[in-house]
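The block underneath contains the structure these notes are about, expressed in structure tokens.
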Amino acid sequence: MMHLCGSSLSPFYERAALTVYLKDAASQIKLGGMPCDMKSEEHFGYNPVGKIPFLILDDGSSLIESQIIAEYLDTVLDGPSLLPADPMAAARVKLFCRLVDLYLALPVVERTWPNRGFTQDEKLKAVNEDLPKAWDYLERFMDDGGYAVGDGLTLADCALIPFLFHLDMFTSHFGDAGVGDRPRLKAWMDTVGRGDVAAESRVRAQKGLEMLRAQQAS
Ligand SMILES: N[C@@H](CCC(=O)N[C@@H](CS)C(=O)NCC(=O)O)C(=O)O
């Protein structure tokens with residue numbers, strides 16, 4: 001059985017895990033944890049970058065990078081596809097995921113995580129200057145029906161949902177982390193962001209945070 005390694009506290013791990021849950025395929029794959037210590041030789045064997053998530057395949061080989069893993073799992077696991085059949089809609093799903101990674105994840109959210117070595121000024125800039133731009137880019141390329149693309153959940157929603165926990169928990173301490181008056185993002189927040197799938201994802205992230213804090217305290 002394949003093993004998706006990591007913790008739901010990681011928005012990248014959670015993107016791939018959400019893919020599995022949305023396909024109702026959790027019985028087809030082991031979810032969470034890892035068979036080695038973080039940054040151990042074995043970990044670097046699976047992922048030379050030393051990060052999570054990584055996917056261990058049945059033959060012992062591995063795959064890295066959350067978006068690549070999510071697309072792979074969407075293809076090989078049973079369940080409804082999270083990538084539209086229409087080529088342009090599929091391209092827009094992938095574009096949305098790319099925009100999340102390039103403009104929201106690293107330059108904004110990760111910058112506001114504790115103990116990452118960024119100065120207060122860098123964190124304030126991330127939230128007050130870079131985050132509005134990221135929201136603008138996403139707004140520009142999403143649909144207005146409450147989902148990122150089309151009329152149901154896709155890999156694009158899987159990319160954005162896990163960051164909601166981090167925006168609330170960490171980013172909002174340095175400025176307004178909300179989506180503002182952008183109508184498409186507001187509709188997305190009402191439909192997806194405040195929906196059951198996002199709520200369950202948030203619970204998993206919170207549990208991951210509590211586990212990490214317990215480990216750090218022991
Ligand atoms: N681009 C990577 C990012 C993965 C990533 O940054 N993972 C973080 C956890 S959220 C990590 O493993 N950090 C550990 C470290 O950098 O030491 C992906 O999409 O999988």
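The structure displayed is predicted, hence computed values, not measured ones. Numbering of ligands and ligand atoms starts at 1, following listing order.
Numbered from 1 in the order shown, with element, the atoms of ligand 1 that lie under 4.0 Å from a heavy atom of Pro53 read 20 (O). Which parts of ligand 1 touch Met38 is read off a 4.0 Å heavy-atom cut-off, strictly below it: atoms 12 (O), 14 (C). For ligand 1, the atoms closer than 4.0 angstrom to any heavy atom of Ser10 are 9 (C), 10 (S).
In this structure, the protein non-hydrogen atom closest to atom 4 (C) of ligand 1 is Ile52 O, 3.2 Å. Looking only at protein heavy atoms, the nearest one to atom 1 (N) of ligand 1 is Glu65 OE1, 2.8 Å. When only non-hydrogen protein atoms are considered, atom 16 (O) of ligand 1 lies nearest to Lys51 CE, 3.4 Å. Scanning all protein heavy atoms for the shortest distance to atom 20 (O) of ligand 1 gives Ser66 N, 2.9 Å.
Taking all heavy atoms of Glu110, Arg15, Lys39 into account, the minimum distance to atom 17 (O) of ligand 1 is reached by Lys39.
By the 4.0 Å N-to-carboxylate-O rule, Glu122 lies too far from Arg111 to be salt-bridged with it. Using a 4.0 Å cut-off between a side-chain N of Lys or Arg and a carboxylate O of Asp or Glu, Arg15 and Asp157 do not qualify as a salt bridge.
Grouping the Ile, Leu, Val, Met, Phe, Trp and Tyr side chains by contacts below 4.5 angstrom, directly or via other members, places Leu167 with Phe12. Grouping the Ile, Leu, Val, Met, Phe, Trp and Tyr side chains by contacts below 4.5 angstrom, directly or via other members, places Leu138 with Leu95.
Of the possible polar contacts, one joining the Lys23 side chain to the Asp74 backbone as a donor-acceptor pair under 3.5 Å is found.
With a 4.0 Å cut-off on non-hydrogen atoms, Trp113 touches ligand 1 through its side chain and not its backbone.
You'll find the ring centres of Phe54 and His3 outside the 6.0 Å limit.
Relative ring orientation between His166 and Trp113 is described as tilted, the plane-to-plane angle lying within the 30° to 60° band.
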